[in-house]
Peer 1: 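The structure that follows is given in the form of structure tokens.
Quick caveat: nothing in here was measured; it's all calculated off a predicted structure. We name chains A, B, ... by the order of the sequence lines, and we start the count at 1 in each one. Computed over heavy atoms, backbone and side chain alike; hydrogens, waters and symmetry mates excluded.
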There are 2 protein chains.
Amino acid sequence: MSKWTTSPREALRAGKGFDLAAFDPSSRPGWDHSRAAGEARLAKNGVRLGELQERLFADGRTGGTRSVLLVLQGMDTAGKGGIVRHVIGLVDPQGVQLKSFGVPTETERAQHYLQRIRDGLPTPGHIGVFDRSHYEDVLVVRVNELVPREVWEPRYDEINAFEKEVVDGGTTIVKVALMVSPAEQKARLRERLERPDKYWKYNPGDLDVRTQWPLYQEAYQAVLDRTSTEHAPWYVVPADSKWYARMAIGRLLREALEDLDLGWPPADFDVEAELARLDAQPT
Amino acid sequence: MSKWTTSPREALRAGKGFDLAAFDPSSRPGWDHSRAAGEARLAKNGVRLGELQERLFADGRTGGTRSVLLVLQGMDTAGKGGIVRHVIGLVDPQGVQLKSFGVPTETERAQHYLQRIRDGLPTPGHIGVFDRSHYEDVLVVRVNELVPREVWEPRYDEINAFEKEVVDGGTTIVKVALMVSPAEQKARLRERLERPDKYWKYNPGDLDVRTQWPLYQEAYQAVLDRTSTEHAPWYVVPADSKWYARMAIGRLLREALEDLDLGWPPADFDVEAELARLDAQPT
């Protein structure tokens, strides 16, 4: 079976000096093989992901405190939903806690912007998935000046401090920015307008957002510069090939789970005594 | 591809005079073919389930009010978790809302027993799954006399009225009782005691519950007699063959979704005008 030449964890990490303007959304860092080989690799990885997720779940059920949080960001059509369906869909739904963060409700607007995020953090033993996140508070909010600069400017540091607290509490954070090119986005929007089974995914507002592309690039660059920390680094995933993005994120998730190095929880009862009790019962 | 001889909806429905004592948990009503053929049928059904679930989701996103609720009941080891993993796992996790109802918390005990159930109902566009449910309030509660008879006795009627209200609100309810034989349960408990990767699923209390088997049979019989209504019938699914139970429930779910007869939502925008706007944008 074909293998990664460089692990996505190395190949996709946004380190110091990462330049989004020079990034190619149609590239496939670390993967020199075909799409078919990539799909086979994702399927195989899925089996292992399922085992690791079950260990995490078992750990949570027996007093463990670990969890994993996958944060998904990206422009419209970048494929966040497809990641949930095709990567997260590989593991047992019982072990997944999924949250979508849309425009804040009135109640949410009355709270601190991180409150709804805290409320949505995964509980022990679970893989949490954020479809959009607190990063919207320095992306759409910054681009559209929904609050003044002196309010959003301190948020980068606040977010770093918040995430540190979450990580210290036992949650591994995997932050993924899915990057689609303007041309590919155009093609995907066109598909939504040409296929009646996709109309429901189309929103005329998406075209207005598209005109703000350079402002969003700038806002993403600031996010990557200022919040790709040691405790919660960003991975920038080229998303023009959906299959590449899926396999890369499947691998990032798997590595995060492998790092937890969880065995199966030991019995908290006397195994032999229980077997004897069971044997003593009728059929 | 092999087919059902009788639809599970017909073959498994608990109608008037259903006798649990005469029910065979190792039977496979409506399916005359092999396990391999059954697994192929479930996989194929899964593709269709995925499509139907997406239509339901699209409907919910565009103002629809429909949802589907799968209620799973059964003795320990009957395979409720496996249904979630292998049947619900076939559809997009974004469209699923899963709730597990364990022993009520202190807060829950202070509320009406149906309150936590109401709070957990699926929102429009979703498939809700209850792993245990309000039926525990006439099963474990009745068997162990956790409340006096004059309290649990009226609950059958209360539950029927509650479910009627839920159905009238647009939610299709599919109630499934997974029936495992005492011998098969014994074998499954033994496996949990013999395999260290399964210790975490074992609870010494399970053996105490096993000694109450006849009382639970009686309580299940009362549930089937009194709450298998026109608006929310029960399906009794033999669960000694896990693959049979999974394919049967996959089919019940599919039929419930087919009945909604949902098309794709029409565009709520001017498609041609949007295409023109898109074309006018750079790349």
Peer 1: Rounded to the nearest 0.5 Å, how far does CD of A:Q53 lie from CZ of B:R85?
Peer 2: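 Going from CZ on B:R85 over to CD on A:Q53, the span is 6.5 Å.
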Peer 1: Say you draw a straight line from CD of B:E194 to CG of A:L278; how long is it, rounded to the nearest 0.5 Å?
Peer 2: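 Spacing of CD (B:E194) from CG (A:L278) equals 9.0 Å.
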Peer 1: Kindly give the heavy-atom pair with the smallest separation between B:F269 and A:Y199, and that separation in Å.
Peer 2: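 Result for this residue pair: CE2-O, 3.7 Å.
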Peer 1: Salt-bridge test for B:R277 and A:D206: reply yes if a basic N is under 4.0 Å from a carboxylate O, no otherwise.
Peer 2: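 Between A:D206 and B:R277 there is no salt bridge, as every charged N stays at least 4.0 Å from the carboxylate O atoms.
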Peer 1: Under 4.5 Å heavy-atom distance to chain B, tell me which part of A:D59 shows up: side chain, backbone, both or neither.
Peer 2: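 Answer is neither: A:D59 stays 4.5 Å or more from chain B.
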Peer 1: So which heavy atom on A:T211 is nearest to which on B:Q281, and how close?
Peer 2: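 Reported closest heavy-atom pair: CG2-NE2, 3.4 Å.
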Peer 1: Give the interface residues of residues 42-49 of chain B toward chain A, defined by a heavy-atom separation under 4.5 Å.
Peer 2: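 Within residues 42-49 of chain B, no residue comes under 4.5 Å of chain A, counting heavy atoms only.
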Peer 1: A side-chain contact here means heavy atoms from C-beta on lying under 4.5 Å apart; do A:Q94 and B:I88 qualify?
Peer 2: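 Side-chain contact under 4.5 Å: no.
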Peer 1: Roughly how far, to the nearest 0.5 Å, is NZ of A:K201 from OG1 of B:T62?
Peer 2: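 Taking OG1 in B:T62 and NZ in A:K201, the distance rounds to 13.0 Å.
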Peer 1: Rounded to the nearest 0.5 Å, what separation is found between the CD atom of B:Q97 and the CG atom of A:L98?
Peer 2: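 Answer rounded to 0.5 Å: 10.0 Å.
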Peer 1: Pick one of side chain, backbone, both or neither for B:K198, based on which atoms fall under 4.5 Å of a heavy atom in chain A.
Peer 2: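 Neither the backbone nor the side chain of B:K198 comes within 4.5 Å of chain A.
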Peer 1: Which atoms of A:P182 come close to chain B, meaning under 4.5 Å heavy atom to heavy atom: side chain ones, backbone ones, both, or neither?
Peer 2: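 For A:P182, the contact with chain B is made by backbone and side chain together.
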Peer 1: Name the region of B:V84, side chain, backbone, both or neither, that has any atom closer than 4.5 Å to a heavy atom of chain A.
Peer 2: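 B:V84 touches chain A through backbone and side-chain heavy atoms alike.
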Peer 1: Supply the atom-to-atom distance A:W200 CH2 to B:E54 CD, rounded to the nearest 0.5 angstrom.
Peer 2: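 Taking CH2 in A:W200 and CD in B:E54, the distance rounds to 5.0 Å.
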Peer 1: Count the heavy-atom pairs under 4.5 Å between each of B:V271, B:L207, B:D92 and chain A, then report the option with the highest count.
Peer 2: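 Top option by heavy-atom pairs under 4.5 Å: B:L207.
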Peer 1: Checking heavy atoms, do the side chain of B:P204, its backbone, both or neither come under 4.5 Å from chain A?
Peer 2: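 Both parts, backbone and side chain.
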Peer 1: With respect to chain A, which residue among B:G50, B:A267, B:P196 yields the maximal number of heavy-atom pairs within a distance under 4.5 Å?
Peer 2: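 The option with the most such pairs is B:A267.
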Peer 1: Give a yes or no on whether a salt bridge exists between A:D279 and B:R190, defined as a side-chain N under 4.0 angstrom from a carboxylate O.
Peer 2: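 So A:D279 pairs with B:R190 through a salt bridge.
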Peer 1: Nearest 0.5 Å, what's the CD-CG distance between A:E274 and B:L189?
Peer 2: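 It is 10.0 Å, given to the nearest 0.5 Å.
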